[in-house]
Amino acid sequence: MTSFIQKIAFLSFLIVGLNSCSKEVKIDIPGFDEQIVIDGSIETGAPAIIFLSNSKDIYAPTDINSYLSGFISGATVTVSNGTITDTLMEICTDNLPVGFESIAAAFFGLPIEQLINLHLCAYVSTGLVGEIGKTYVLKVIHNNKTYTSSTKIENPTALDNLFWREQANLPGYGFSWAKITDSPVMGDAYRWEVKNLSDLFYSKPFQPFTDDRFYNGKTFEFSVENPMSFKDETIENQYKGYYKLGDTIVVKFSKLGKKEYQFFEKKYNQIYSGGNPFATPTNIPSNIEGGALGVWAGFSPWYDTLICVP
Amino acid sequence: MKLFLFFLSIFFTFLSYSQSKYTLSGYITDAKNGEVLVGTKIFIPSINQGTVSNNYGFYSLSVPSGTYQVEFRSGIFPTVTKSVDLSKNLVYNIEIAADAVQDLNEVVINGKKGENTNSTKMGQVELEMDKIKTLPAFMGEVDVIKIIQLLPGVSSVSEGGQGFYVRGGGPDQNLVLLDEAVVYNAAHLFGFFSVFNSDAVKSVTLTKGGMPANFGGRLSSVLEVNMNEGNNKQFKVTGGIGAISSRLTVEGPIVKNKGSFIISGRRTYIDVLAKALIPDTSPFAGSGYFFYDLNLKMNYTLSKKDRVFLSGYYGKDVFSFANKESDFGVQMPWGNGIAALRWNHLFSSKLFMNLTATATDYKFQFISNQDQFRFGLTSGVRDIGSKLDFSYFPNTKHKIKFGANYIFHTFTPSSVSAQSDSVVFDTGSPQQLFSHEEALYFLDEFDVNEALKFNVGLRYSMYQQVGPFTRFIKGGIGSQDTAINYAPGSLIKNYQGFEPRLSFRWMLPDKSSIKAGYAYNYQYVHLTSLSAVSLPTDIWFPSTDKAKPQTGWQGSVGYFKNFDDDKWETSVEIYYKGMNNLIEYKEGALPGDNINDNTDNLLVYGKGWAYGIEFFVKRTVGKFTGWIGYTWSKTERKFPDLNQGNIFPAKYDRRHDLSIVGTYTLNERWTFSSAFIYATGNTLTLPTSWYVQEQNLLLNYGARNSTRMAPYHRLDISATWYDKAFKIKTDAITGQEIKVKKRFRQNWAFSIYNVYNRANPFFLFVDQDGELLDGDFKLAVKQVSLFPIIPSVTWNFEF
């Protein structure tokens with residue numbers, strides 16, 4: 001919510017000052033230092049999944065092959081829940097275990113035939129899954145360097161109500177609405193994800209993350225747009241962003257911790273203020289020790305299905 | 001405190017040696033309109049003694065009894081010599097008139113001759129208002145702040161920006177005074193125009209080094225802007241109509257020769273033009289921008305010893321942007337209000353007093369609405385204060401000043417409100433900070449001998465933060481935040497300190513001089529910026545129990561020499577500055593972080609230093625006049641919590657800064673002028689690398705301010721055409737043709753800004769285009785420029 005407001009503020013500044021010329025330049029930007037990027041998450045009832053890659057120089061090519069060839073393999077990754085320490089299994093797309101092909105294809109958005117020729121790797125835990133209330137310590141060893149972090153799966157917060165409201169000027173279409181009562185403890189943070197019943201993976205709206213600094217302890221309603229509709233070529237422009245009468249969707253409303261939220265808040269802030277000179281150049285704070293970029297986040301989801309009828 | 005009074009008493013005992021001396025004192029005014037003449041030199045050649053008239057036109061000179069030829073030299077009029085018989089204290093008021101025909105060359109030589117090498121005012125520059133009006137003007141508006149940015153040691157914030165940096169110090173380190181009242185943001189919205197309407201301004205003086213003890217509260221400089229008093233002899237109207245704005249000034253006597261008033265107004269009409277260009281059906285209909293300012297001043301001479309002045313300024317900017325299609329709108333009201341009431345009183349011919357009461361109110365708001373959301377941000381400062389200043393002229397060897405200042409500050413750093421339909425979000429109560437600031441000072445400018453002149457002063461400043469105030473204390477993760485509430489009027493924190501000031505001038509046998517100065521300063525109010533570009537959302541806030549005052553010292557040495565009978569003035573100055581408790585926002589701070597938190601919880605502190613060398617060559621007389629100023633300088637910062645504690649260049653660290661300004665007076669009808677500026681590019685922080693997380697491409701930034709923009713350079717030219725000053729009339733009786741001075745005068749000013757249309761960098765950013773997984777993703781570093789070539793025309797008149 002707050003980031004949305006900030007987004008308006010920044011957007012308007014952008015529009016305001018600058019009816020001017022811009023051109024591409026190539027100036028010297030010194031100080032490139034390659035860093036490891038650790039992108040890890042663990043959820044209730046699901047294994048931990050970690051992606052490792054390297055950061056690239058600003059002028060490095062950004063075509064898809066460069067992106068795909070940036071993934072790291074051969075690292076040692078462990079996750080511990082206090083009693084068990086599990087060494088994660090490395091799964092690469094050119095060597096996928098049986099049954100994983102369709103999942104991997106959907107995740108990357110690439111056809112299986114292309115995937116099996118690429119060396120994209122992820123680390124998956126086989127010996128433990130996420131449990132509410134537990135703290136998970138991550139350790140990554142690569143190129144003789146060690147990186148550590150810890151995250152906790154908090155108690156989930158259930159939405160009081162999840163409903164569809166028809167848009168007055170657009171009959172048959174509307175946003176999804178939710179009613180939430182935030183706990184009086186300051187620092188609760190949430191992530192909103194949603195998918196059509198038939199989808200394999202969840203999608204995120206424009207502002208998936210929010211924290212309670214504006215609404216701590218309050219009960220209120222808010223709306224969220226339909227992110228899947230933007231990628232759907234069959235939907236007309238005027239209906240993009242809305243749920244059609246009769247749609248069935250699954251909302252995944254996850255709780256996350258304060259430190260992890262700071263990563264996502266700054267991340268979306270950077271994404272949406274990209275190009276804005278009035279924004280301060282912010283490095284996204286990582287919760288990982290050792291000099292890595294990225295985040296190790298535990299999510300505590302709460303699920304609900306919504307059929308879009310009044 | 002005791003130390004201070006001790007010094008005071010020593011100086012008074014020094015002065016009590018007796019001799020049969022009498023005082024010649026009085027006011028110097030312009031015969032044409034009654035305006036006081038500031039900085040006029042009163043000189044007695046036979047005994048080689050002199051003094052200078054102060055900001056109110058008052059002078060006082062104590063010499064042995066006798067008959068003297070006294071010369072009155074102003075910069076504008078021919079020198080007037082009067083024979084004065086001084087056998088008792090004499091009040092001698094003089095009105096100086098311009099002769100009908102004057103030789104421009106001669107005037108300036110006699111007037112300010114030798115000022116460059118003579119005065120101890122090192123690091124001080126005075127702008128000549130009449131000369132400024134012929135320089136190229138941005139969008140046709142003559143702007144005093146843009147002109148001072150052409151002087152060595154002074155650089156501008158960015159393209160078109162109003163803030164200015166003096167010798168590596170931040171934009172908040174300049175004390176800007178309008179008729180003795182403090183101005184916080186001397187600019188209109190976006191910073192393209194300053195609040196000073198040049199038609200209402202009498203004098204502009206910038207002190208960049210060797211700040212004397214009567215000024216304080218800012219580390220880097222003092223910019224004194226004094227308004228015209230108003231013609232006290234006859235009514236006069238001056239004005240101008242330009243491409244985007246117009247001005248009108250009306251002045252005249254309240255009681256002839258005793259009191260006068262001046263009202264000056266200015267308005268831009270970009271909104272009217274925009275309305276004409278944006279059709280009603282456009283989704284952007286309803287967008288527009290305009291500003292207006294109003295300057296008002298009245299003065300009245302109550303008696304031979306008393307004079308009162310009332311000055312006021314009010315300015316407002318209104319900007320609105322609407323996009324009906326997406327139901328999105330922004331309004332940014334911005335305003336400055338300043339008032340000053342002053343009373344001059346002459347206790348005797350040797351003791352002059354000025355008592356001022358001032359009020360300043362600066363406010364900025366940002367309001368945006370999108371569908372059912374409404375977001376508002378307010379920031380402002382309100383000051384109420386008073387100043388008591390005495391000038392004491394015991395004899396020609398000493399000029400003493402002493403006095404006291406007091407200001408009560410109310411700061412609203414940023415007050416945020418947000419609501420969605422009827423649900424009002426809790427953004428905390430608007431935080432206001434209250435404080436008192438006081439100062440006492442004493443200074444003496446004295447001659448040790450003919451060659452050596454000293455200006456020694458001591459200032460003692462004090463500051464108290466008082467309640468009501470809530471101090472938020474952030475709990476760690478998992479623990480609650482707490483707050484301490486202070487009752488109204490309770491003392492939360494106080495700071496105080498001595499600020500010694502010293503400068504001297506040593507005149508060498510060849511009439512060149514060496515000047516040096518040292519000053520130590522405290523600064524209790526601060527401006528922090530969230531962004532690489534100076535913005536209206538830069539927030540002013542005061543020192544608190546957490547945010548200590550900034551402190552700084554400056555040492556400077558200069559060599560001054562005039563050539564060719566003072567036709568050329570040259571100088572070289574070196575300076576070094578050290579600053580402590582400088583303030584910046586924490587890395588990654590966002591405007592929304594202020595909610596339910598104190599602004600100063602988001603700040604970090606560090607130190608900085610600046611050093612440089614300034615070269616200045618000025619041609620003062622003749623058909624061709626102008627100056628060249630070049631500065632080589634470096635300014636760096638070191639903050640333990642920023643940039644991993646490594647030294648980084650300040651945002652406005654400019655290695656080279658060159659200005660070449662020239663004016664050519666072809667004849668009475670045509671004047672041409674041009675200005676060329678070259679400056680090293682500003683620093684900024686750009687990303688050095690990119691990485692991917694959850695299929696989003698993210699940027700990682702390098703060392704703070706490690707990238708430099710391309711150099712800034714620009715050429716402006718202007719031409720001014722004047723109508724004939726005289727008309728020919730046939731005398732009814734003699735039938736001869738006589739020249740009569742015209743009452744209605746006009747001129748046309750043509751200006752071209754950025755003649756060779758250079759795309760100067762305003763800021764740089766990294767542009768992301770396309771989708772990573774679609775294979776069409778591109779990252780590019782882009783440079784945005786603001787002003788291309790801009791011609792303008794203004795028609796000016798007076799009667």
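Every chain is numbered from 1, with letters handed out A, B, ... down the list of sequences.
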Is it the backbone or the side chain of K26(A) that comes under 4.5 Å from a heavy atom of chain B, or both, or neither? neither

Between P285(A) and chain B, which part of the residue has a heavy atom less than 4.5 Å away: side chain, backbone, both or neither? neither

For the side chain of [X] and the backbone of [Y], is there at least one donor-acceptor N/O pair under 3.5 Å apart?
X: D57(A); Y: S689(B); result: no
X: Q693(B); Y: V37(A); result: no
X: N283(A); Y: Y701(B); result: yes

Taking atom CD of Q644(B) as the centre, report whether more than 12 heavy atoms of other residues, nucleotides or ligands fall under 6.0 Å from it. no

Can you tell me how far the [atom1] atom of [X] sits from the [atom2] atom of [Y], to the nearest 0.5 Å?
X: E24(A); Y: Q783(B); atom1: CD; atom2: CD; result: 11.5 Å
X: I271(A); Y: L698(B); atom1: CD1; atom2: CG; result: 5.5 Å
X: M709(B); Y: I27(A); atom1: CE; atom2: CD1; result: 8.5 Å
X: L699(B); Y: Q270(A); atom1: CG; atom2: CD; result: 4.5 Å

Test side chain to side chain donor-acceptor pair (under 3.5 Å) applied to S55(A) - qualifying residues, sequence neighbours left out: none

The criterion is side chain to side chain donor-acceptor pair (under 3.5 Å); which residues satisfy it with K152(A), sequence neighbours excluded? none

Any non-hydrogen side-chain atom of [X] less than 4.5 Å from a side-chain atom of [Y]?
X: K782(B); Y: V25(A); result: no
X: E34(A); Y: Y691(B); result: no
X: Y268(A); Y: N696(B); result: yes

Sole candidate of D28(A), I29(A), I58(A) that passes side chain to side chain contact (heavy atoms under 4.5 Å, CB included) when paired with L686(B): I29(A)

Can you tell me which residue among V781(B), T688(B), L779(B) is in a side chain to side chain contact (heavy atoms under 4.5 Å, CB included) with Y59(A)? V781(B)

Interchain contact, R704(B) with chain A, by part (heavy-atom threshold 4.5 Å): neither

Proximity breakdown for N700(B) and chain A, heavy-atom pairs closer than 4.5 Å: both

Pick from A710(B), P761(B), S706(B) with the largest number of heavy-atom pairs that fall under 4.5 Å of chain A: S706(B)

